[in-house]
Structure formats: structure tokens, C-alpha cells
**Student:** 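Take a look at this one; I'll ask things after.
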Amino acid sequence: MSVSIGQPVPDFTALATGDTSVTLSEFKGRQVVIFFYPRASTPGCTTEGGDFRDRKAEFEAANTVVLGASRDGIRAQENFKAKQAFNFALISDKEEALCRLFDVIKLKKMYGKEHLGIERSTFLIDSEGKLAHEWRGVKVKGHAQEVLERAQSLNEGSGDPE
């Protein structure tokens with residue numbers, strides 16, 4: 001089962017940085033952005049995380065929590081967060097439960113070889129826990145700003161700006 005636009009996202013609890021766990025229902029009344037990235041400390045993932053980090057105050061002003069997620073272990077996530085001074089939690093989804101829920105594991109090719117990996121994807125969950133928007137096959141440049149603008153418009157009650 002995976003999530004779909006307009007439907008409630010099933011509650012989940014996941015291991016996160018800071019020796020904590022994240023439970024979706026704890027954010028009821030706030031919007032939540034979850035961005036999935038292929039691997040901690042790689043160039044594209046570092047840039048994407050930095051773009052979200054640099055907009056944290058704007059996301060907070062839009063009543064929106066930002067979370068990053070990958071299949072990396074918690075130690076790799078802690079190191080990534082510390083080195084990049086990320087100001088949001090990173091989820092360690094080694095068991096791929098969250099990846100399966102959001103259907104982000106895809107067949108990818110690298111150096112001519114196929115493997116299963118995370119398709120860079122972002123999800124915006126509204127303040128009532130419903131999936132409001134998704135971005136799949138994300139290109140990093142400009143992405144965090146686009147997500148921020150969507151979160152701001154959703155928070156203002158104008159819904160879909162398109």
C-alpha cells in the first residue's frame with residue numbers, strides 16, 4: 001500500500017537523528033515535508049538538504065516541519081546532519097518501511113548496472129495528515145523553493161496554486 005494525493009497518510013514511527021523517533025501523528029495541525037534522498041553525504045543530497053536547511057525559518061512561518069529520509073543507518077544520518085548543520089531531523093529507514101509506504105524504491109541504473117534505490121522524491125502532507133502534493137524524480141536545483149511555495153500556498157488556504 002502506498003500513499004495517494006488527497007488521502008490520509010497512515011501514521012508511522014521512524015528512527016531519527018538525535019536519538020529520537022518521529023511519529024507522523026505528533027505533527028497534527030502542522031504541515032509536514034518529507035524529502036527522500038538516495039544517500040547521505042553525496043553531492044546532490046548535500047545540496048538538497050542545504051537548500052531545505054537554508055529555508056527552515058520560512059517553512060516554520062508556513063507551519064511546516066521538514067524531515068529528510070534515506071536508507072542510510074542512523075550513524076551515517078547523524079554524521080551527515082552534523083557535518084552539514086542540518087536543522088531538521090533525518091530519518092534512518094534501513095528496513096525500508098517508509099520507502100515502501102511512499103513507493104520511492106525504484107530500479108535505477110548506475111555504470112550500466114541495475115539496482116534498487118531511492119528515487120529522489122518529496123511529499124507534502126497537510127495539517128490534517130492528508131497527502132497534499134508529491135514530487136517524484138526530483139531535480140535538486142530550485143526544488144526546495146518550489147516545495148516552500150507550495151507549503152505557503154497550502155497554509156494560506158489557497159490550495160493548489162496551479
**Student:** Establish whether L24 and L15 are linked, either directly or via other cluster members, by ILVMFWY side-chain heavy-atom contacts under 4.5 Å.
**Tutor:** no
**Student:** Any pair with a residue in residues 79-98 that passes side chain to side chain donor-acceptor pair (under 3.5 Å), sequence neighbours left out, goes on the list, sorted by first then second residue, please.
**Tutor:** R71-E96
**Student:** Does the side chain of C45 reach to within under 4.5 Å of the side chain of S70, using non-hydrogen atoms?
**Tutor:**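 No - every pair of side-chain heavy atoms lies 4.5 Å or more apart.
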**Student:** State the CD-SG distance between E119 and C99, to the nearest 0.5 angstrom.
**Tutor:** 11.5 Å
**Student:** Distance from I118 atom CD1 to F35 atom CZ, nearest 0.5 Å?
**Tutor:** 11.0 Å
**Student:** Tell me every residue that passes side chain to side chain donor-acceptor pair (under 3.5 Å) with T122, counting only those two or more places apart in sequence or in another chain.
**Tutor:**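 T122 satisfies side chain to side chain donor-acceptor pair (under 3.5 Å) with H143 only.
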**Student:** What pairs meet the salt bridge (Lys or Arg N to Asp or Glu O under 4.0 Å) rule with one or both residues in residues 37-50, with sequence neighbours excluded?
**Tutor:** E48-R120
**Student:** Return the CG to CD1 distance between D72 and I91, rounded to the nearest 0.5 Å.
**Tutor:**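 Between atom CG of D72 and atom CD1 of I91 there are 12.5 Å.
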**Student:** Looking only at heavy atoms, what is the nearest atom pair of S121 and V138, with distance?
**Tutor:** CA-CG2, 4.0 Å
**Student:** Nearest heavy-atom pair of A76 and A40: which atoms, and what distance?
**Tutor:**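 Result for this residue pair: O-CB, 4.2 Å.
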**Student:** Got a sec, which pairs hit ring pair (Phe, Tyr, Trp, His ring centres under 6.0 Å) with one end in residues 7-30, sequence neighbours left out?
**Tutor:**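 Qualifying pairs, neighbours excluded: none.
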**Student:** Looking only at heavy atoms, which two atoms of I34 and A69 are closest? And how far apart?
**Tutor:** CG2-CB, 4.3 Å
**Student:** Holding to side chain to side chain donor-acceptor pair (under 3.5 Å), I want the full list of residues that pass it with Q31, two or more places apart in sequence or in another chain.
**Tutor:**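 Side chain to side chain donor-acceptor pair (under 3.5 Å) list for Q31, sorted by chain: T64.
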**Student:** Under the salt bridge (Lys or Arg N to Asp or Glu O under 4.0 Å) definition, can you give me all pairs with a residue in residues 130-143, not counting sequence neighbours?
**Tutor:**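 Sorted pair list: E134-R136.
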**Student:** Which residues pass the side chain to side chain donor-acceptor pair (under 3.5 Å) test with K28, not counting sequence neighbours?
**Tutor:**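 Once residues adjacent in sequence are excluded, K28 has no partner under the side chain to side chain donor-acceptor pair (under 3.5 Å) criterion.
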**Student:** Can you confirm whether F88 sits close enough to L67 that some side-chain heavy atom of one is under 4.5 Å from a side-chain heavy atom of the other?
**Tutor:**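 No. Closest side-chain heavy atoms not under 4.5 Å.
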**Student:** For the residue pair Y37 and F80, is the inter-centroid distance of their aromatic rings smaller than 6.0 Å?
**Tutor:** yes
**Student:** Does any non-hydrogen side-chain atom of W135 lie less than 4.5 Å from one of E146?
**Tutor:** yes
**Student:** Between V9 and F123, is there a side-chain heavy-atom distance shorter than 4.5 Å?
**Tutor:** no
**Student:** Where is the tightest heavy-atom contact between L154 and A132, given as atom of each residue plus distance?
**Tutor:** CD2-CB, 3.5 Å
**Student:** Is any side-chain heavy atom of F59 closer than 4.5 Å to one of Q152?
**Tutor:**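 They are not in contact (no side-chain heavy atoms under 4.5 Å apart), so the answer is no.
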**Student:** Hydrophobic clusters join Ile, Leu, Val, Met, Phe, Trp and Tyr when side-chain heavy atoms are under 4.5 Å apart, directly or via other members; which others share one with V140?
**Tutor:**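 None, because no other hydrophobic side chain comes under 4.5 Å of this residue.
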**Student:** Before you tell me yes or no, could you show the steps for D103 and K106 under salt bridge (Lys or Arg N to Asp or Glu O under 4.0 Å), namely the whole-Å CA-CA distance, both residues' side-chain angles and the distance that decides it to 0.1 Å?
**Tutor:** CA-CA 8 Å; D103 192 28; K106 303 293 180 189; 3.3 Å; yes
**Student:** Hydrophobic cluster membership, with links at side-chain heavy-atom distances under 4.5 Å among I/L/V/M/F/W/Y: are V22 and L131 in one?
**Tutor:** yes
**Student:** Could you note down all residue pairs passing side chain to side chain donor-acceptor pair (under 3.5 Å) where residues 5-19 supplies at least one of them, sequence neighbours left out?
**Tutor:** D11-S25, T13-T23
**Student:** Among all residues two or more places apart in sequence or in another chain, which pass the side chain to side chain contact (heavy atoms under 4.5 Å, CB included) test with A144?
**Tutor:**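 If we apply the side chain to side chain contact (heavy atoms under 4.5 Å, CB included) test to A144, skipping adjacent residues, the hits are D51, F52, R55.
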**Student:** Which atoms form the tightest heavy-atom contact between L124 and V33, and what is the distance?
**Tutor:** CD1-CG2, 3.8 Å
**Student:** Which residues pass the salt bridge (Lys or Arg N to Asp or Glu O under 4.0 Å) test with D54, sequence neighbours left out?
**Tutor:**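 Per chain and number, D54 pairs via salt bridge (Lys or Arg N to Asp or Glu O under 4.0 Å) with no residue.
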